[in-house]
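Everything quoted here is computed from the prediction, not taken from an experiment. Below, read A as the first sequence line, B as the second, and so on, with proteins coming before strands; counting in each chain starts at 1.
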Amino acid sequence: MSELDAHTLTQVESKDFIRELIERDRASGKHQGRVVTRFPPEPNGYLHIGHSKSICLNFGLAEEYGGRCHLRFDDTNPAAEDLEYVESIQRDVRWLGFDWGEHLYFASDYYERLYQIAERLIRSGDAYVCSLSEAEIREYRGTISEPGRPSPYRDRTVEENLDLFRRMKAGEFADGAHVLRAKIDMAAPNMKLRDPLIYRIRHHAHYRLGDAWCIYPLYDFAHCLSDGIEGVTHSLCTLEFENNRPLYDWFLARSGLSFEGAAPEQTEFARLGLSYTVMSKRKLLRLVQEKHVSGWDDPRMPTIAGLRRRGYTPEAIRNFARRVGVAKNNSLVDFALLEHAVREDLSQRSPRVLCVLQPLKLTITNYPAEKVEELTAPYFPPDVGKPGSRALPFSRELWIEQEDFELTPPKGFRRLSPGASVRLRYAHVITCESVVKDADGNVVEVQARLASPEEAERLEVKGTIHWVSAAHAVSCTVHCYDRLFQVPEPDAGEDVDFLSYLNPQSLETFTGCQLEPAAAREGLTQVQFERHGYFCLDRAWGEEPEAASGELVWNRTVPLKDSWARVSRGAMEAEPPRRRAGQANVRNEGSAQAPSKAASPGAAALALQALHGLTEQEARVISAEPRLGKLLVQLEGLGTSPKLAARWLANDVAALTKVEAGELKFGAAELASLIQLVESGTLTRRLAKDVFAELAQSGEAPEQIVERLGGQLSGDEELIPVVDQVLAKNPEHVSRYRAGNLNLMGAFVGQVMRATGGRANPQRVTELLEQRLKAD
RNA sequence: UCUGGCGUCGUCUAAAGGCAGGACAAGGGACUUUGAAUCCCUGAAUCUAGGUUCGAGUCCUAGCGCCAGAACCA
């Protein structure tokens, strides 16, 4: 906190927990202040919007802290990987606006070094060749609730292991005959530690290295070591790798790799969940393979390629990633947030043009048949404020939108209906005179009369509709996309196939749409069709569009917000309920009174309770931790009342023993004198907590700490100036307090406490503040 | 059941122990030649119960709930 902020109540910009961690590391000089991140996809599928969160995080961090971010392909499974994916991933990352410079890597480039490290592990007795079958390995591993059993091959000699491993590499064995495993702990509660596999035999060509290898390393081994080899400092991954972190550290520690400063550190954050879609590669692959979509770049897919073809911009996606934030909560982000991000961006960059999707003929009866007016219309509305305009031909026969005409208009309808008047966008006001119907009674033509400027003035027209001149319009095809699934979480149900939630209306194709000529003539690729939404030319980024007869094909990126649709549809279709079973936010009332299940205190706790007059809770905490029990006895020996001692031990000291495993830096004597200082009134409880924090750090005598920090401030002559200063610096807060916001008292007290380094007596400060704030 | 992680407006996300804030969504209004955009306003949250503290979303205890983990996948 800077000098400037002292005494002032200001908002500080917040950072996510990863940025905070990095800043701590930089401050402490860990990794010598360097920041090296990496984005490590496996080339076995296309990147999706979830990956973009990770990409923006990793590359963004490198940019912000002057570091670098590597693009590394974690290609350790030759059966799944393919060059097509390597290429698409690079294309997508680049398109998103990130640059890995010369730092393009492949785990497969490290195969030789990884192999050497594996041999090193064997030599140090940390790895062995196991010849159990796949099924046997699974069986020996045990389950979540039962410990595993050691493999009978666990105690092979180093020589035997080395020999076998080399022969594995040489191709002497069939797939599955042997594996190399880390020797850790078959009984570990974290199952990842039950002798995880390091190498397996796979006689399968690798997409880059061909048949050079027939043994391939597994993720837990290859990933951390690749990070280590590249000098990565901060290895960010998603939550599901939390259980793998001990392995990450374990391999790195035994790798023989050296690091400048410190080994890379793995930190996990929540992956992105988006409503109304699926994100797992397996499910996306299924959508593609079973042809529920046209391919990985189908505009309905949440893939980067799909979003690109849909008309999303890199800016919109990066903005979305920023708004979503980074945290550890399992989250499901509302699809509306992504739509908001893309509208926000497109609104600024898209020229407005007119296009009628479902044409209805409109004849202006009092307009000469041969006349053509060249109206001028700006490409952008005034609030966007960009230059540019085009000519818009107007004539007797126009196309208007079918849904802009109603024979019997609902309440609030501002468009055309018999006798009603509307304005034609950028043009004139018309009044509907009559309609022409076909044999079935459908309206096939609307006839209207042009109002003179004076009439138009009088009419007070509320609605404006879009139109195009029939003789000049360009016919085109328009794809309107909607969410791919009908429910927010299509993959939430265990016993329901996510495909059963597919939205049958996710693609609506309109042919014979009528576009104003300038849009086609000037080759616009990303536009707003006024009153419809944002559209882009299909495959504007290369490749041939799925053209119907060589026409222009437009993809709807996102519709405009439509508050009329909301009103007119009204309560007819309620939002489908979220199906997340018993989700995190369900309030669990009634769970309160369930003490029957509460663990009852053990014998030791009961004894403590009886002997020292402690509460059950205090007794439970203190008896559960030997260091606390010992302190309690010693404290009593030093004459501290058991009640006071227990309070300190069960709350403040317990917090410490929870995170500090070893010997405490202080003993009962120091604690006793600290408690004594509070009891005698020398120290407020508030200051005592600060002193305790120091004590825990250094073990220095409390009296000395107090002397160094300065003692408590309770004299009015010392407090009043600070109180007045705080009030003077926050006039707005003072008036808000006086207006009735009494919660602000805490903030004022906090400011005084901060200004005095915690030394003020908060009770006296509160009294003084109340006095001052009551006055005048 | 064990291990690890996580519980803050409907959703996402903030608050060195000191104003529960912001964004999206929702509702209302102003403006409007896009029922758009913009602007303004409103409603809306600390999982529960105890404890420590002048003061708890934050610290301690117990409970409840959700997620991940038993691939020779990553």
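Distance CG (A:Asn329) to P (B:G57): 18 Å, rounded to an integer number of Å. Distance CG (A:Asn319) to P (B:A23): 15 Å, rounded to an integer number of Å. Atom CD1 of A:Ile18 and atom P of B:A14 are 10 Å apart (whole Å). Going from atom CZ of A:Arg685 over to atom C1' of B:G51 covers 12 Å, rounded to whole Å. One atom, CZ of A:Arg556, and another, P of B:U34, lie 20 Å apart when rounded to the nearest Å. Per the geometry, CG belonging to A:Leu47 stands 14 Å off C1' belonging to B:A74, to the nearest Å. Rounded to whole angstrom, the span from the CG atom of A:Leu459 across to the C1' atom of B:U33 amounts to 14 Å.
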Step by step, work out the salt bridge (Lys or Arg N to Asp or Glu O under 4.0 Å) result for A:Asp249 and A:Arg245.
CA-CA 6 Å; A:Asp249 297 334; A:Arg245 193 185 335 130; 5.9 Å; no
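One C1' atom belongs to B:C19, the other to B:A56, and the distance between them is 15 Å to the nearest Å.
Taking the centre of each ring, A:Tyr219 and A:Phe241 come in below the 6.0 Å mark. Proximity of the aromatic rings of A:Phe269 and A:Phe17 is defined here by a centroid distance below 6.0 angstrom, and this criterion is not met.
Contact annotation for A:Arg425: base contact, defined as any heavy-atom pair under 4.0 Å involving a base atom. Looking at heavy-atom distances under 4.0 Å, A:Lys192 makes contact with a base. Base contact: A:Arg531 has a heavy atom under 4.0 Å from a base atom. Within 4.0 Å (heavy atoms only), A:Thr76 reaches sugar-phosphate atoms of the nucleic acid but no base atom. Note on A:Leu132: a base of the nucleic acid sits closer than 4.0 angstrom, heavy atoms only. Using a 4.0 Å heavy-atom distance criterion, A:Val324 is classed as a sugar-phosphate-only contact. Residue A:Phe241 is in base contact, counting any heavy-atom pair closer than 4.0 Å across all strands shown. When heavy atoms are screened at a 4.0 angstrom cut-off, A:Glu618 is found touching no nucleic acid atom at all. Contact annotation for A:Val621: backbone-only contact, meaning every heavy-atom pair under 4.0 Å involves sugar-phosphate atoms and none involves a base. Residue A:Asn741 is classed as having no contact, given no heavy-atom separation below 4.0 Å to the nucleic acid. In this structure, A:Arg343 reaches neither bases nor backbone, as no heavy-atom distance under 4.0 Å exists between it and the strands shown. Within 4.0 Å (heavy atoms only), A:Ser563 reaches sugar-phosphate atoms of the nucleic acid but no base atom. The residue A:Arg736 sits close to a base: some heavy atom pair falls under 4.0 Å. Note on A:Phe413: a base of the nucleic acid sits closer than 4.0 angstrom, heavy atoms only.
For A:Arg141 and B:C72, the shortest distance from a side-chain N or O to OP1 or OP2 is below 4.0 Å. For the OP1/OP2 pair of B:C24 and a distance below 4.0 Å, the side-chain nitrogens and oxygens of A:His340 include at least one atom meeting the criterion. Between A:Lys462 and B:G35, a side-chain N or O to OP1/OP2 separation shorter than 4.0 Å is absent.
Scanning atom types as modelled, no donor and acceptor separated by under 3.5 angstrom connect the side chain of A:Asn243 and the base of B:G4. Within 3.5 Å, no donor on the side chain of A:Arg245 pairs with an acceptor on the base of B:G4, nor the reverse. For A:Arg352 against B:U34, a side-chain N or O and a base N or O form a donor-acceptor pair under 3.5 Å. Remark: the A:Gln617 side chain and the B:G51 base include no donor-acceptor N/O pair separated by less than 3.5 Å.
With rounding to the nearest 0.5 angstrom, the CD atom of A:Glu403 is 8.5 Å from the CG atom of A:Leu357.
Remark: the A:Tyr426 side chain and the A:Glu530 side chain contain an N/O donor-acceptor pair separated by less than 3.5 Å. A:Tyr248 and A:Asp227 share a side-chain donor-acceptor pair at under 3.5 Å. In this structure, a donor-acceptor pair under 3.5 Å is present between the side chains of A:His223 and A:Arg38.
Under the Watson-Crick or G-U wobble criterion, with both distances below 3.5 Å, B:C54 is paired with B:G18. With a 3.5 Å ceiling on both atom-pair distances, the Watson-Crick or G-U wobble partner of B:G65 is B:C6. Under the Watson-Crick or G-U wobble criterion, with both distances below 3.5 Å, B:A26 is paired with B:U42.
Without hydrogens or angle criteria, A:Glu618 side chain to A:Thr615 main chain gives a donor-acceptor distance under 3.5 Å.
Both A:Asn244 and A:Gly142 sit near RNA chain B, but only A:Gly142 has its closest nucleotide nearer the 5' end. Ranked by how close their nearest RNA chain B nucleotide is to the 5' end, A:Gly746 and A:Ile201 are led by A:Gly746.
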